[in-house]
Every structure is written in C-alpha cells, then in structure tokens.
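First comes the structure, then the notes that go with it.
Reminder, nothing fancy here: chain letters follow the sequence lines and each chain counts from 1.
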Number of protein chains: 2
Amino acid sequence: MIVAAEEARALVQRVLIAAGAPAHAAGMQAELLVEGDLRGHHSHGLQRLPVLLERMRRGLIDPAAHPSYRWASPAFALVDGHHGFGPVIGYDVVDTLLAREQPVAVAAIRNGNHLGMLAPYVERTASAGAVGVILTTSEALVHPWGGRRPMVGTNPIGIAVPTQDEPFVLDMSTGAISRGKVLHHALVGEPLQPGWAVDAAGEPTTDAAKAVDGAVSPFGGPKGYALGLAFELLVASLTGTETGERVLGTLDTEHPSTKGDLFMVLRPAALDAGFRARMGIYLDEVRASPLARGNRRIDVPGDRARRERTERLASGVPIDDEVWKAAQDLLS
Amino acid sequence: MIVAAEEARALVQRVLIAAGAPAHAAGMQAELLVEGDLRGHHSHGLQRLPVLLERMRRGLIDPAAHPSYRWASPAFALVDGHHGFGPVIGYDVVDTLLAREQPVAVAAIRNGNHLGMLAPYVERTASAGAVGVILTTSEALVHPWGGRRPMVGTNPIGIAVPTQDEPFVLDMSTGAISRGKVLHHALVGEPLQPGWAVDAAGEPTTDAAKAVDGAVSPFGGPKGYALGLAFELLVASLTGTETGERVLGTLDTEHPSTKGDLFMVLRPAALDAGFRARMGIYLDEVRASPLARGNRRIDVPGDRARRERTERLASGVPIDDEVWKAAQDLLS
C-alpha cells in the first residue's frame, strides 16, 4: 500500500509513545524508520518496528536515555549511549560534534542501538557545511574471502561532503546485499543475483533458500572483504566494542547492543564557499561525462535516494501491507 | 632477475644521490620503491624510478624539501609538502602525528609527490600502538558507473590496526586494477580478467589493448565507484587539492603534483594491550573459520604481503630485467 510519509511517521511515533517513549525521542526514531522507506531501503524502514518494540519491552532499549560524553581531547569523545534509541544518540552526537567547531571531531560510541540509515546523520553535518563520516559495525553476516561462515559485519559507511547545492551523500554497506533481502527473496522464491551470497558449503549461489543457510558475500570480492573487516577493526578498536560473532543486539530481541559506531565531523578551512562550488562542478562533470553503451544516466551517490525520496514525499511511501498492519496492531 | 632487496635499495639510493638528492631523503625514497617490489606491487616499485628522476631533473620534485605544518587545532594540520619526495613527506607526517600524542590527529597534505605503497606508513603507526588511516587521490583513471571516461582516481586507502603481534594492514586501490597492469597486459598480449576495464565505448572488455583506450573499472561495481568518488571528495575538500582530470603529477613528467593526501593517526584509550590481544584473537578466528569449497586458506589483509615480503627478503626480489637495466643506466 501507499502511505503518506507524515502518516507513517505519526503512526510510528504514536506506537513508540504508547510503549513508553518520550514524544521527542519517539519522533526521532519514527523519522529514521520512515527515512528508510522513503529512500527505498525497506530493511531499515517500518518493518523494524516490531523488533524495536520488543527490545523496548525487554529493557534492551531505554527510550528515555541520552548519551553522555567523556572527552579525551577537544577532538575525541568516548560516548556512552546508555542503550537509548539509535537516532536519539546519532543526532545528539552529530549536533555535539558540530558544536565543538573543531577542524576535526570524533565520537566513538558504545551502548547504542540501531541507527537506521546513515545518510540523514551525515546530511545534517553537510547542511552545516562540514564533512561527515560514519562507520558502524553489525552482526556477523558476511563470509571472509575464501570462507563460508559469517564472521564479518555488513559494516556500513556513510560519507557526506557539502557542495554549493545538494551534498554528496554515500550510504552503503560493505555486504553485497542485506540479510533481510536474502530472507525476503527466499520467502517469495526470487533468485539472488550472482555474487550476492554463498550456500552452506561456501559455493556462490543464486538460490535464496540455500543462501539463508550460507552467508552474505562482501561486495567487490576480496577488496570488499578487506574493507569490511578493516571497518570492523577500526570501529571496535576506537569504541572498545565487540567483533565478529560477539556483535549482537541490532537484529535480535535478546541481547543488549554490543556494536560500536564511529562519527567524525570535519570542518576544513579549505572547504569555503569557493571550494564547495568546485566540488559541485566536479560532480556535474562526472554526471555529464560520456555514457557507456546501454546506459541512460550517470548518478553520483545520493542522487538516486534523493529522487526517490522527493517522489515519495510527494506521492506516498510504498509499504508492505503486512508491515503496515503489524504497525497498526502494535497500537491496539 | 632476482636481486637482493638491500642491493636494489642501495642502487636506487645511489641513483637518487647522483641526481642531487640528500642521502637521507634518497634512502627513504629508495626504501619505498623497494617495498613495492618486495610486496609484489611492481607498479609501485623500481619501474617508477625513471619518471621520478625526470621529475627531479625538471624541478617537479625537490629532493631537499621538508614538509611544513600549519596547525588549525592540536588535532588538525594543513601540511605543505613543498614538492618533496612522497616518502620524505609521508614518514615525516606519520612521526609528527604520532608525536602529538592526541587521541586523534589529522594531516591534510598538498604539494606532495607519489607516496608509493601506503602500507609502510600505516605499519609505522601500528608499531607505535596507534591506528593509522591514509587516503590519497590519483590521476583520473576510473570510469563512473554507467560511464566510460576516466573521471575518478584509483584513490587508494591504507588502514592499520595494531594487535598483540602482527598488525592488520589494508592497502588497496579503489580501482579494479592499476593502469600499469592494463598497459603491461597489453604489451605482453595477456587478457584481462572480466570486470577490470572497459573499452572506449564503455563495454566491459578482457582485451587489454582495447582497455588502454578505455578506462579502468572501479572494484566492486557501483559501490566501489561510490567509494572511490567519496575518497576523492574527502581528500580534495580537506586538503584543498584538485579533483578528476585536474589531478596531475604522479605518473607524468610534466606537471607538479596536484593530488592530496590525508593521514589520520588515532590512539584510542580503548586500544590497550588487552584490547589489542582481543583484536588478534578475532583475526585468528577469521583465519581459522571454515573454508569455502576449493579454498586452502583464509587470509586477513596484510598476511599475503607479509609472506611475500618475508620470502623476498630472504631469497631476493624479482625485478624485470629492463627495469633493472634502466635503473643501472640512470647511474651512468
């Protein structure tokens, strides 16, 4: 079904408030879930709501919690999220780092919860004229190159760089595909694309049912594996959080979150208005560069999500009937 | 032919000294070139020497230059490399950032020169117990996803994280392959692997001769393209250096270097001896995890280069006859 974004946001907020969340925190969490659906990443959208609610009921999420900061230097904070909503922590960290007005400011977060899409957070830094970089770990879902057991998180990266108009916005996982997508394909009996996953023996497979018992592949083969593992170590070493199979608590309803998040805000002197214009010109050069045969457009990261979001803000957000019904049921 | 690493290093150093370089600077530059061959990345090895020499002769490299620092905060320096040797700048920056003893310290470098392999620099930070991250731009050699013209650098990334013994060391380009490798395959008439490059029309090709007139592909499809472009913008915006086709001066003998380098050293409190041991245990879990059918080993980034380097330090470095002869000729 198609729902107005504002209607979806309001429903989620009501559900969260009914479950005990303060209105403001519920609003931020609702906003981030709707952003997932608005940008076509339904795995980060309303379908997460039942797990979120169950985590609240079990005390694994404290909806009233606010993050606390221990500054090791003017540029580096260890942040304890006290198991608050991911978006409450994430936005607070962005605003706190921006308020430092340092050329570089870093926050290493533990005791957080699922952030949802990374794009909204780095877009906020870009709106303030700063470069934003986020790395975060997740449950082990990706096999090492040459292996078959999930040992590495899907460890996404978010990067935004301001230009004179729309910012450059990267928000991607280092897995070839989300675990949610594998499960969905298995459910509806659709084949996977080659390179997305392996079966239990570690053989590449396009059979989603077999992939469920296997592992998600890293994007980009051995290089993507190397990068995802590097992000896992970077985040863990800076936040003091867990690695590999000990990362828990974003998909399940049993464990406190043991992942880490790394937020970095950079305000380089070089990035004045003139330079932001030059960045925009370069991105336009990339967009306008000659097409490969069979292609109709060259996008720059952020373009497609922006188009989808704009269109869905205008004409409504497609949400799975069952997901919408489940959200409504949570209210009754 | 097979040459002892020390012999190769000494020859290169002599060549550079004869061309006017101070002994210490020549030694560092020689070391980095030999590290390329020691780790099996010949495109970063002795074959770069003739271009390096020509750049010195034309005044595009000042072998006596030392970098200067403008600290925007205790944690962020704008560095002017004054067109010195890449390794002289790179090692000076690593040592300077380490000496700050800050939880995070960042250097944004302009007016540098080719750094060579990134691994030796981040290994140095790891040896000091710190996490090292390097990003750097290069000439536009990679096509955008959906395009066919080289618009993005091969923009490599280096990351090292200390463990209780050998560090985790990632050193990889965001291109599927180096331009040098395309040229070499074309020269010897060897086919490329699928996904490495496109021809002039933007069609994927395994014909190296056709790829010479086309472009290198990003590793990992659209995600790798997005990441390489993000690194280009990150480095350019923080250093105030060029982007796309305006990045010049690492492969040619005509232009001063207009690329940028970003060095980051992180000394998180979390990364004490106990935590370093936990990082090592995790990497061992990854290495020991079940193999996919047909595989004999799971490596962690840094493992293979370390094995090759150790073996070549013991039994000699394979260097192309022509490359060795060219180096010797530069001395006469």
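By the neighbour-count criterion of 12 heavy atoms within 6.0 Å, atom CZ of B/Arg307 is densely surrounded, having more than that number from other residues, nucleotides or ligands. Around atom CZ of B/Arg39, more than 12 heavy atoms belonging to other residues, nucleotides or ligands sit under 6.0 Å away. Atom CZ of B/Arg70 is surrounded by 12 or fewer heavy atoms from other residues, nucleotides or ligands within 6.0 Å.
Proximity to chain B (any heavy atom under 4.5 Å) is shown, for A/Asp199, by neither the backbone nor the side chain. Neither the backbone nor the side chain of A/Ile281 has a heavy atom closer than 4.5 Å to any heavy atom of chain B. When heavy atoms are compared at a cutoff of 4.5 Å, B/Arg246 approaches chain A solely by way of its side chain, counted from C-beta outward. In this structure, the portion of A/Ile159 lying under 4.5 Å from any heavy atom of chain B is its side chain and not its backbone. At a 4.5 Å heavy-atom cutoff, the contact between A/Thr239 and chain B is made by backbone atoms alone. For chain A, no part of B/Val198 is nearby; none of its heavy atoms comes within less than 4.5 Å. Interface remark: B/Val133 contributes side-chain atoms only to the contact with chain A (heavy atom separation under 4.5 Å). Looking at B/Leu291, the atoms closer than 4.5 Å to chain A (heavy atoms on both sides) sit in the backbone and in the side chain alike. For B/Glu285, the parts lying near chain A are the backbone and the side chain together; criterion is any non-hydrogen pair under 4.5 Å. Heavy atoms of A/Leu170 lying under 4.5 Å from chain B belong exclusively to its side chain. The part of B/Ser289 that comes within reach of chain A is its side chain, from C-beta onward, which places non-hydrogen atoms under 4.5 angstrom from that chain.
Ranked by heavy-atom pairs under 4.5 Å with chain A, the list B/Pro144, B/Pro301, B/Ser237 is led by B/Ser237. Of the residues considered (B/Glu245, B/Met264, B/Glu203, B/Arg267), B/Glu203 shows the highest number of contacts with chain A, using heavy-atom pairs under 4.5 Å. Among B/Ala108, B/Ala201, B/Ala75, B/Ala215, the residue with the largest count of heavy-atom pairs under 4.5 Å with chain A is B/Ala201. Among A/Gly147, A/Gly240, A/Ala270, the residue making the largest number of heavy-atom pairs under 4.5 Å with chain B is A/Gly147. With chain B as partner, the option from A/Gly294, A/Ala200, A/Pro290, A/Ala269 having the largest number of non-hydrogen pairs under 4.5 angstrom is A/Pro290. Of the listed residues B/Thr243, B/Leu266, B/Leu271, B/Val161, the one with more heavy-atom pairs under 4.5 angstrom with chain A than any other is B/Thr243. Residue with the most contacts toward chain A among B/Met279, B/His143, B/Arg297, B/Arg293: B/Arg293 (heavy-atom pairs, distance under 4.5 Å). Considering only heavy-atom pairs separated by less than 4.5 Å from chain A, the leading option among B/Gly202, B/Gly220, B/Pro268 is B/Pro268. Among A/Val169, A/Leu233, A/Val104, the residue with the largest count of heavy-atom pairs under 4.5 Å with chain B is A/Leu233. Among A/Ile157, A/Asp299, A/Leu227, the residue making the largest number of heavy-atom pairs under 4.5 Å with chain B is A/Leu227.
With A/Ser138 contributing its side chain and A/Thr154 its backbone, the two residues share a donor-acceptor pair below 3.5 Å. With hydrogens and angles disregarded, a donor-acceptor distance shorter than 3.5 Å links the side chain of B/Lys223 to the backbone of A/Ser173. Formation of a donor-acceptor pair under 3.5 Å by the B/Asp80 side chain with backbone atoms of B/Ser68 is not found in this model. A donor-acceptor pair is defined here as one N or O able to donate and one able to accept, closer than 3.5 Å; no such pair exists between the side chain of A/Lys259 and the backbone of A/Gly112. Here the side chain of A/Thr174 pairs a donor or acceptor atom with the backbone of A/Asn155 at under 3.5 angstrom.
A 4.5 Å side-chain heavy-atom check between B/Val265 and B/Arg100 finds every atom pair outside the cut-off.
Of all the heavy atoms in B/Thr137 and B/Glu232, the pair that sits closest is CG2-CA, 3.8 Å.
For residues 275-284 of chain B, the pairs satisfying side chain to side chain donor-acceptor pair (under 3.5 Å) are B/Asp284-B/Arg287, with sequence neighbours left out.
Ring-plane geometry between B/Phe263 and B/Tyr121 is classed as perpendicular, the angle between the planes exceeding 60 degrees on a 0 to 90 degree scale with a lower cut at 30.
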Stepwise side chain to side chain contact (heavy atoms under 4.5 Å, CB included) test for B/Leu262 and B/Val106
CA-CA 7 Å; B/Leu262 195 68; B/Val106 178; 4.1 Å; yes

